[in-house]
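Input: a single structure, listed below in structure tokens.
A quick note: this is a predicted structure, and the numbers were derived from the prediction, not measured.
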Amino acid sequence: MKNNVMERIEHIQNEIQFSGTVFVRDKESIYADVSYGYSNRAEQLHNEAGTRYGIASGCKLFTAIAICQLVGEGKITFDTKVTEFLSFDFPHFDEHITVHHLLTHTSGVPDYFDEEIMDDFEELWIENPMYHLRRLEDFLPLFQNEHMKYIPGERFHYNNAGFILLGLIVEKASGLSFKEYIQQRVFEKTEMTDSGYFALDSLPRKTAIGYIDNEDGTWKTNAYSIPVQGGSDGGAFVTCKEMAKLWDALLNFQLLNKELTERLLTSHAKEEDGDYYGYGVWIEKNDNSVVKYHVMGYDPGVSFHSAYYPERDIRLVVCSNGSSGAFKVMDGIEKELELIGSL
């Protein structure tokens, strides 16, 4: 089985020159633990198993976990009204927006990067320098004075700004900065000792630099293409093995009790002609059974996919320091496992 999976990964890597790390395991066996490419192209430092990668929106799951923890402690509820709880000025926001709406991308709040309007994330930083964005409240001027997109609960529309608001709720309810909260209540409890929300201008050792490849073969780093420091909507750095640990901790009720874990993993909304969405996690179904829970993230210089397949108890993590490639690797592994009867 391992040989089949590795052969498929090698074939894809040769085809697309994938740069990153791939980790696949169940409770008993490791099917893949392999790295390709450079974490630092200029110095020709290789990616390896312990390399930390940016995962962009893949860490919305961390934010959802934090919110559920605070609900469990009675500090907020899923019905908490956002504009009543937060003291910032939102002149055009609907007063009925709840925490649940934000968690499920059904709030209708205006997004600072709206994929229905924009297709180039780098366009944002022409008028809003990325190096100013270090705290969650630094993102507010990008969307807080805009008008609602639709009535809360009306439909699903993927929304980064909504998760910025969730992070601000975490900060107010806990008394900690968002990054401190995740470090203490998620990473430390999960023994994710190498993970964190690192600033691009002070990356620790063994952290992959993100690269943007041009069609003519030239490249640049993503240092001026994404916010200088990530937050509650995305931008954490993890290793592949530690992301697999996160799935273990979540499913073993180390981070949340059984009731809240099940609520997080319940389908609350559905993308039009797409997958279902829980709290910070995508859910793929076959009829009424869950095929996989998965998270993903894409930024310039970042592509990431991670999934848990409940039927076979398999965890998959694909981290890349390139703008694409992670999906193709995941898709190839899934097809190989289907061929040999493991999915």
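The two atoms that bring I314 and D26 nearest to each other are CG1-CB, 4.1 Å, heavy atoms only.
The number of heavy-atom neighbours closer than 6.0 Å to CD of E73, taken from other residues, nucleotides and ligands shown, is above 12. By the neighbour-count criterion of 12 heavy atoms within 6.0 Å, atom NE2 of H92 is densely surrounded, having more than that number from other residues, nucleotides or ligands. Within 6.0 Å of CD1 in I151 there are 12 or fewer heavy atoms belonging to other residues, nucleotides or ligands. Within 6.0 Å of CD in E154 there are more than 12 heavy atoms belonging to other residues, nucleotides or ligands. No more than 12 heavy atoms of other residues, nucleotides or ligands lie within 6.0 Å of CD in E259, so this atom counts as exposed by the packing criterion.
Here the side chain of R315 pairs no donor or acceptor atom with the backbone of D248 at under 3.5 angstrom. Although no hydrogens or angles enter the test, the distance criterion places a donor-acceptor pair under 3.5 Å between the side chain of S323 and the main chain of G301. Formation of a donor-acceptor pair under 3.5 Å by the N159 side chain with backbone atoms of H105 is not found in this model. Remark: side-chain polar atoms of E284 are not paired, donor with acceptor, to backbone N or O of D275 under 3.5 angstrom. No donor-acceptor pair under 3.5 Å is formed between the side chain of R312 and the backbone N or O of P310. A donor-acceptor pair is defined here as one N or O able to donate and one able to accept, closer than 3.5 Å; such a pair exists between the side chain of Q17 and the backbone of N14. Without hydrogens or angle criteria, K60 side chain to D233 main chain gives a donor-acceptor distance under 3.5 Å. Not one N or O on the side chain of N222 forms a donor-acceptor pair closer than 3.5 Å with the backbone of S225. S320 places a side-chain N or O within donor-acceptor distance of the main-chain N or O of S19, the cut-off being under 3.5 Å. Judged purely by atom type and a 3.5 angstrom limit, E271 has no side-chain atom pairing as donor or acceptor with the backbone of Y277.
A salt bridge does not link E171 with R135: every distance from a Lys NZ or Arg NE/NH1/NH2 to an Asp or Glu carboxylate oxygen is 4.0 Å or more.
T218 and D216 form a side-chain donor-acceptor contact under 3.5 Å, judged by distance and modelled atom types alone.
The shortest distance between side-chain heavy atoms of H11 and E7 does not fall below 4.5 Å. Considering only heavy atoms from C-beta on, Y224 stays 4.5 Å or farther from L200 through its side chain. No side-chain heavy atom of L250 sits less than 4.5 Å from a side-chain heavy atom of Y308. A heavy-atom distance below 4.5 Å is not found between the side chains of M330 and M296. With a 4.5 Å cut-off on side-chain heavy atoms, T98 and K81 count as touching. Within the 4.5 Å cutoff, no side-chain heavy atoms of T239 are placed close to those of T21. The shortest side-chain heavy-atom distance between T80 and V71 does not fall under the 4.5 Å cut-off. You'll find the side chain of Y53 reaches within 4.5 Å of the side chain of N47, heavy atoms only.
For the atom pair CG of L70 and CD1 of I76, the computed distance is 5.0 Å after rounding to the nearest 0.5 Å. Interatomic distance, NZ of K206 versus CG of L45, reported as 11.5 Å (0.5 Å rounding). One distance of note links OG of S306 with CD1 of I55; it measures 8.0 Å at 0.5 Å rounding. Taken to the nearest 0.5 Å, the CZ atom of F304 stands 7.5 Å off from the SG atom of C240. For the atom pair L102 CG and I67 CD1, the distance stands at 8.0 Å (nearest 0.5 Å). Separating the CG atom in L103 from the CG atom in L264 is a distance of 8.0 Å, to the nearest 0.5 Å.
Aromatic ring orientation, F90 versus F93: parallel (interplanar angle below 30°, classes split at 30° and 60°). Using cut-offs of 30° and 60° on the angle between ring planes, the pair F18 and Y36 is perpendicular. A tilted orientation is assigned to the rings of Y112 and F139, their planes being inclined by 30° to 60°. Using a 30° and 60° split on the angle between ring planes, Y279 and H100 fall in the perpendicular class, above 60°.
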>> salt bridge (Lys or Arg N to Asp or Glu O under 4.0 Å), that's the test. Do K241 and D33 meet it? Break it down for me.
In response: CA-CA 9 Å; K241 287 183 179 178; D33 184 5; 3.3 Å; yes
>> Applying salt bridge (Lys or Arg N to Asp or Glu O under 4.0 Å) to E262 and K258, what does each step give before you reach the verdict?
In response: CA-CA 6 Å; E262 289 177 349; K258 187 174 186 290; 2.4 Å; yes
>> One pair to check against ring-ring contact (aromatic ring centres under 6.0 Å, His included): F327 and Y298. What are the steps and the verdict?
In response: CA-CA 10 Å; F327 173 79; Y298 285 87; 8.2 Å; no
>> Evaluate V34 against Q13 for side-chain contact (heavy atoms from CB on, under 4.5 Å), listing each step before the verdict.
In response: CA-CA 11 Å; V34 62; Q13 198 279 329; over 6 Å; no
>> Between H294 and Y309, does the ring-ring contact (aromatic ring centres under 6.0 Å, His included) criterion hold? Intermediate values first, please.
In response: CA-CA 9 Å; H294 61 115; Y309 307 86; 8.7 Å; no
>> Could you go through I333 and V22, starting from their C-alpha distance and side-chain angles, then the distance that decides it, and tell me whether this counts as side-chain contact (heavy atoms from CB on, under 4.5 Å)?
In response: CA-CA 10 Å; I333 293 169; V22 184; 3.6 Å; yes
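When each of E15, E338, E334, E336 is checked for a salt bridge (charged side-chain N to carboxylate O under 4.0 Å, His left out) with R8, only E336 meets the rule. The only member of I9, V24, N4, L316 that meets side-chain contact (heavy atoms from CB on, under 4.5 Å) when paired with Y31 is V24.
Following chains of ILVMFWY side-chain contacts shorter than 4.5 Å, one cannot reach Y197 starting from I209, and the two form parts of different hydrophobic clusters. Hydrophobic clustering, with ILVMFWY side chains joined whenever heavy atoms are under 4.5 angstrom apart, keeps V302 apart from V228. Hydrophobic clustering of Ile, Leu, Val, Met, Phe, Trp and Tyr side chains at less than 4.5 Å, counting indirect connections, unites L165 with F163. In the hydrophobic clustering of ILVMFWY residues, with side-chain heavy atoms under 4.5 Å counting as a link, F78 and I283 come out together.
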